[in-house]
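The block underneath contains the structure these notes are about, expressed in structure tokens.
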Amino acid sequence: MKTRERTAPNGYEGGLPASLSVLGATGSVGRQALDVAERHAIPVDLLSANTDVRGMEALARRFAPRVCVMADGDAARDLSARLRDTGITVRGGESALLETIREVDSPVTVNAILGEAGLLPTLACVSLGRRLALSNKESLVVAGEVVKAEAKKSGCEIIPVDSEHSAIFQCLHAGRAGEVRSIILTASGGPFRGKTREELETVTLRDALAHPTWKMGAKITVDSATMMNKGFEVIEAAHLFDVSPDAIRVVVHPESIIHSAVEYIDSAVVAQLSTPDMRLCVQYALTYPARLPGLTPGLDLFSVGSFHFCPPDPDAFPLLPLAYRAISLGGGVPAVLNAANEVAVAAFLSEKIGFTSIFRTVTETVEKLSGRRTAKTVEELIDADREARGIAASLL
Ligand code: NDP
């Protein structure tokens, strides 16, 4: 298990980066990363998105990046016409994004792309040996071993943006390698905390999108409601911190003030607390090991009043235990889990299936493709992803 030194291995000593790239700029985390950039007047090299041309046009005019990339070719053509007066370069397509990441070579890149689409951009960033502020947890779920091996080769620092992993990363400064007993990964429990499996049969999309403590993109909000998100976070933590999944305990903490904790071998438990606000996590990933004043309001413990804790319910939320099973099978099985979940959640968001059909679709796809545990290379993992998408779609 790793603990962290307060020095950067690749020349960037923390504090404010000279410039920044933000991938997935039009999304929830992307926009919050840009709020942090604006707060500290960090110049922006590259902004990327998929199809949201209007959102990107507004961001491009506000931040004047050198380049904007839209993964969707038509969206790129539209954006290019809209930004003709600005002199900003606009490119289109997935391979253009990978080339541009390498070309602009920012000292820090925030990857806040949604889903498996973030994997190749993560690998492109990692190959540069610069700092990657990683919000796209799917990169690690799908190809954690490959991403880590490439980062080791290039000297890339991967600093987590996910609030729980940012918390664990901070708590790991309190001890040394070999002194960690376990990781306590907190979960809000989402909007359906305390509901039985039977009660979940009748919940609606609107109910699922009403997260009690965090305001996030629609897909991760549904993943929080199913607790698939927590399952992904177990896999993400296992890779980021080189810890066995058996040493990661999920604890439901509805107030979302304790963002996670590390238990040491002397039984000391070190936790990180703050008001729930992703701008703190993004800023820390940019400035680590330095801390700077930011946009997050201070924590008033008196107004929080009390903390509550309970174990997750594996019968009501079966995707959390399924994530432990997927990582223990290893290879391409976590990629299958993620792909099946992306397909099922997209169907739920477009109201084609009910909430608990997400459980059935993902579980059956993982059962059918558990033989994908032998996948290792990026090509094999992407192949497992594509096969899982086909099977999940056929099960809807
Ligand atoms: P959003 O849905 O709000 O934003 C996703 C971003 O990714 C948008 O900019 C979107 O572009 C872009 N995108 C989507 N599909 C593609 C694609 N195929 N190729 C390139 N770009 C694409 O997501 P969130 O900000 O909520 O989440 C982003 C990541 O951060 C996820 O991995 C999530 O798990 C993680 N995360 C999010 C948290 C949050 O608070 N939201 C907290 C912790 C982690 P467009 O707008 O054009 O569609």
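Just the heavy atoms: all of them, side chains too, but no hydrogens, waters or symmetry mates, feed the values below. Counting starts at 1 for both ligands and their atoms, following the listed order.
Neither side chain, R130 nor S106, offers a donor N or O lying under 3.5 Å from an acceptor on the other. Looking at H308 and E255, their side chains do bring a donor and an acceptor atom within 3.5 Å of each other. Looking only at atom types and distance, the side chain of D223 has a donor-acceptor partner in the side chain of N341 under 3.5 Å away. Checking S19 against D45 by side-chain atom types alone, a donor-acceptor pair falls below 3.5 Å.
Close approach of ligand 1 to G24 (heavy-atom distance below 4.0 Å) involves ligand atoms 6 (C), 7 (O), 9 (O). Residue A25 approaches ligand 1 through these ligand atoms, each under 4.0 Å from one of its heavy atoms: 9 (O). Atoms of ligand 1 lying under 4.0 Å from at least one heavy atom of G217, given by number and element, are 3 (O), 26 (O), 41 (N).
Of the N or O atoms in S28, one or more lie within a sub-3.5 Å distance of an N or O in ligand 1. Of the N or O atoms in S135, one or more lie within a sub-3.5 Å distance of an N or O in ligand 1. The shortest N or O to N or O distance between N229 and ligand 1 is not under 3.5 Å. Between Q32 and ligand 1, no N or O atom pair is found at a separation short of 3.5 Å. Inclusion of G30 in the set of residues having an N or O under 3.5 Å from an N or O of ligand 1 is not warranted.
Only the side chain of I220 comes within 4.0 Å of ligand 1, counting heavy atoms alone; its backbone N, CA, C and O stay farther away. If you look at A218 next to ligand 1, there are no close heavy atoms at all, none under 4.0 Å.
One finds the CD atom of E201 at 3.5 Å from the OG1 atom of T356 (value rounded to the nearest 0.5 Å).
Checked by atom type and distance alone, the side chain of R131 never pairs as donor or acceptor with a backbone atom of V110 at under 3.5 Å.
The aromatic ring centroids of Y288 and F169 lie less than 6.0 Å from each other. Here the two rings, on F192 and F355, have centers that are under 6.0 Å apart.
Scanning L114, D52, V69 for the heavy atom closest to atom 27 (O) of ligand 1 points to L114. Checking D223, D72, D162 against atom 43 (C) of ligand 1, the nearest heavy atom belongs to D162.
Protein heavy atom at the shortest distance from atom 18 (N) of ligand 1 is A117 CB, 3.3 Å. For atom 28 (C) of ligand 1, the nearest protein heavy atom (residue, atom name, distance) is A112 O, 3.3 Å. K137 CE, 3.2 Å is the protein heavy atom nearest to atom 34 (O) of ligand 1. For atom 4 (O) of ligand 1, the closest non-hydrogen atom on the protein side is G27 CA, 3.1 Å. Among all protein heavy atoms, the one lying closest to atom 39 (C) of ligand 1 is V29 CG2, 3.4 Å. Looking from atom 13 (N) of ligand 1 to the surrounding protein, the closest heavy atom is N50 CB, 3.8 Å. Residue, atom and distance of the protein heavy atom nearest to atom 32 (O) of ligand 1 are E138 OE1, 2.6 Å. Counting protein heavy atoms only, atom 20 (C) of ligand 1 is closest to A71 CB, 3.7 Å.
Ionic pairing of D266 and R181 is not present here: no N-O contact between side-chain nitrogen and carboxylate oxygen is shorter than 4.0 angstrom. Using a cut-off of 4.0 Å between Lys/Arg side-chain N and Asp/Glu carboxylate O, R91 and E103 are scored as salt-bridged.
Heavy atoms of other residues, nucleotides or ligands lying less than 6.0 angstrom from CZ of R197 number more than 12. Other residues, nucleotides and ligands contribute at most 12 non-hydrogen atoms within 6.0 Å of the CD atom of E94.
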Start with the C-alpha gap between S166 and H259, add the side-chain angles, then the distance that decides, and say whether side chain to side chain donor-acceptor pair (under 3.5 Å) holds.
-> CA-CA 8 Å; S166 174; H259 298 301; over 6 Å; no
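At least one heavy atom of M278 sits less than 4.0 Å from an atom of ligand 1.
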